[in-house]
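Some notes on the structure that comes next.
In each ligand, atom 1 is the first atom listed, and ligand 1 is the first ligand listed.
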Amino acid sequence: MSGGSPLSLQGTAENGDGLLRDRKGRIARKLRVSVTDRCNFACLFCMPEKDKISWMPTEEILSFDEIERIVGVLASLGIQKVRITGGEPLLRRDLEELVSGITRIRGIRSVDMTTNGWHLERKAEALRKAGLRGVTVSLHSLRSDRFAKISGLDALPRVLRGIDKALDVGLSPVKINSVAIRGYNDDEILDLIEYARERKISIRFIEFMPLDGLGMWNYDRVVPGKEIIDTVTRAYPLEAEGRGNSETSSVWRFRDGRGSLGLITPMSEPFCDDCDRIRLTADGKLLSCLFDTDYHDLRHIVRNGGTQEGLTETIVRAVWKKPDGVGYMPWIKDGWAKPRNMNAIGG
Ligand code: SAM
């Protein structure tokens, strides 16, 4: 664990490497950039009811130039990997221009994206040409009626075409994210796995987190990772690969080599001790943790003539205060100050 003050990160004696370290000594290496809070889906574990949504005003949303400027400063502080998300990132017009801009930033090694897949068939090729590495598509059901119920839009065939297109144009890795919710799709785990195995792509099941807009989260709706493994091992021989350093998912390989299974278990087995992720919201707030309620405004600095030093100082202080993590938070028992809904944070 490192001691010292946050500003010792800026090249002074104690932490002369200039990296983004927090109080616990974790180093931030990955950035999720949300480019919009808007979404054309209304997934019930994410968005509020339609009449309760208030989108961020357009003028509060960062422009591509503003995002690139902030990512540039973050890259100079050691951020190496960027994932573009939202809301639905592909609702942002000409997103490939942002992808291309970010890939050119010194120090950035990869740019990936998480999407609901609606616009993927149309955009996959341009995104790959712009330098996007891989894409993670959210897919919570393979039954049209259920997909529509969970995602709020009758879009299953179109999303599946998007996944095929992403594979065709050579985006790599192509992954699937599924939020498992008891009583909604937990009987489809093996079907979703079979779909992914047929394409030799990896599928990851995410435990339902209390970041939904409908307030439907409770522990009974969480399908713990262990339960998923028990179900899957009854059907397929698996080999545990474990969780790589600072990765979100524990990985299991199918013994026959067809794809892999990942479990993202923030609820049952939090993985905060080596977390290396920070987030930039669409309205320019830096979040050091998904569950953080302390929002650090970078847009204000960027729009008011702030310098690189000004941005650096705010970023360094924000990351220094990164919370210990969801596993240490008392709120599950005692009540808590809920941050924004997932669509406004950027998943
Ligand atoms: N619109 C894109 C999509 O659907 O993938 C990107 C944004 S979405 C917020 C990013 C990821 O967060 C998705 O895989 C989604 O399923 C997941 N997600 C949203 N709300 C969640 C929740 N309450 N618990 C767990 N995962 C959630």
Side-chain angles (χ1 to χ4, degrees), residues 30 32-48 53 55-56 82-92 95 112-120 123 127 132 134-141 147-148 150-153 155-156 158-160 162-163 166 171 174-182 184-186 188 192 196 202-219 221-225 228 248-249 262-271 277 279-282 287 290-291 326 332 336 338-347:
K30 300 186 191 122
R32 307 245 164 133
V33 177
S34 173
V35 293
T36 179
D37 63 327
R38 286 166 200 255
C39 192
N40 55 327
F41 285 18
C43 295
L44 45 84
F45 45 78
C46 183
M47 302 272 283
I53 299 175
W55 302 118
M56 290 172 187
V82 172
R83 175 169 292 276
I84 297 177
T85 182
E88 172 46 39
L90 289 177
L91 292 186
R92 201 67 198 256
L95 190 71
D112 293 76
M113 192 178 66
T114 302
T115 173
N116 64 27
W118 176 259
H119 287 298
L120 195 52
K123 294 294 262 183
L127 288 164
L132 190 76
V135 76
T136 300
V137 183
S138 301
L139 181 68
H140 314 292
S141 174
F147 184 102
I150 294 176
S151 307
L153 198 65
L156 179 64
R158 183 163 163 159
V159 170
L160 299 183
I163 294 172
L171 286 167
V174 175
K175 294 183 190 166
I176 288 172
N177 268 0
S178 252
V179 181
I181 305 186
R182 183 148 352 258
Y184 286 83
N185 61 355
D186 52 327
E188 271 196 76
L192 284 159
S202 76
I203 178 161
R204 290 128 37 104
F205 289 97
I206 311 175
E207 288 176 352
F208 183 21
M209 293 182 277
L211 297 170
D212 60 313
L214 296 178
M216 67 174 279
W217 184 89
N218 64 50
Y219 255 127
R221 291 211 161 106
V222 177
V223 183
I228 294 179
T248 50
S249 58
L263 294 180
I264 303 180
T265 56
M267 295 292 104
S268 67
E269 286 180 68
F271 36 82
R277 287 168 299 285
R279 291 161 196 274
L280 179 65
T281 64
L287 271 184
L290 188 55
F291 290 90
V326 63
I332 291 195
W336 60 305
K338 188 173 174 269
R340 302 167 169 201
N341 302 328
M342 195 66 149
N343 70 299
I345 300 171

Exercise. Using distance alone, determine whether Ser138 and ligand 1 share an N or O pair under 3.5 Å.
Key: yes
Practice problem: Check Thr85 against ligand 1 and report side chain, backbone, both or neither, counting heavy atoms closer than 4.0 Å. | Solution: side chain
Quiz item: Quick one: does Ile345's side chain get under 4.5 Å of Arg279's, heavy atoms only?
Solution: yes
Quiz item: Should the heavy atoms of other residues, nucleotides or ligands under 6.0 Å from CD of Glu188 be counted, would the total exceed 12?
Solution: yes
Quiz item: Nearest heavy-atom pair of Arg38 and Met56: which atoms, and what distance?
Solution: NH2-O, 3.4 Å
Self-check item: Check: Thr136 N/O within less than 3.5 Å of ligand 1 N/O
Solution: no
Self-check item: Nearest heavy-atom neighbours spanning Ala166 and Val135
Solution: CB-CG1, 3.8 Å
Quiz item: Which residue holds the protein heavy atom closest to atom 9 (C) of ligand 1, what is that atom called, and what is the gap in Å?
Solution: Met342 CG, 3.6 Å
Quiz item: How far is atom 26 (N) of ligand 1 from its nearest protein heavy atom, and which residue and atom is that?
Solution: Val179 CG2, 3.5 Å
Practice problem: Would you please indicate yes or no on a ring centroid separation below 6.0 angstrom for Tyr184 and His140? | Solution: no
Practice problem: Starting from atom 10 (C) of ligand 1, find the nearest protein heavy-atom neighbour and note its residue, name and distance. | Solution: Gly347 CA, 3.7 Å
Quiz prompt | Part of Asn343 with heavy atoms under 4.0 Å of ligand 1, whether side chain, backbone, both or neither | solution = neither
Quiz prompt | Per-atom contacts, ligand 1 versus His140 - under 4.0 Å to a heavy atom | solution = 16 (O)
Quiz prompt | Polar atom proximity, Gly87 to ligand 1 (N or O, under 3.5 Å) | solution = yes
Quiz item: If hydrogens are left out, which of Trp118, Phe45, Phe205, Trp217 has an atom nearest to atom 21 (C) of ligand 1, that is, the closest non-hydrogen atom?
Solution: Phe45
Quiz item: Checking side-chain hydrogen bond (donor to acceptor under 3.5 Å, both in side chains) against Glu88, which of Asn343, Thr114, Asn40, Thr115 comes through?
Solution: Thr115
Quiz item: When you look for heavy atoms under 4.0 Å from ligand 1, do you find them on the side chain of Glu207, its backbone, both, or neither?
Solution: backbone
Quiz prompt | Numbered atoms and elements of ligand 1 in range of Phe208, under 4.0 angstrom, heavy atoms | solution = 23 (N), 24 (N)
Practice problem: Using a 4.5 Å cut-off on heavy atoms from C-beta on, say whether the side chain of Phe208 contacts that of Asn218. | Solution: no
Self-check item: Where ligand 1 meets Asn177 - atom numbers and elements under 4.0 angstrom, heavy-atom basis
Solution: 14 (O)
Quiz item: Going by distance alone, is a donor N or O of one side chain under 3.5 Å from an acceptor N or O of the other, for Thr248 and Arg277?
Solution: no
Exercise. With the side chain counted from C-beta on, respond yes when Cys46 and Asp212 share a heavy-atom pair under 4.5 Å apart, and no when they do not.
Key: no
Quiz prompt | Sub-4.5 Å side-chain heavy-atom contact between Ile181 and Phe45 | solution = yes
Quiz item: Under 3.5 Å, N or O to N or O, is Cys39 touching ligand 1 that way?
Solution: no
Quiz item: In the protein, what heavy atom is nearest to atom 24 (N) of ligand 1, and what distance, to one decimal place, separates them?
Solution: Met209 N, 2.9 Å
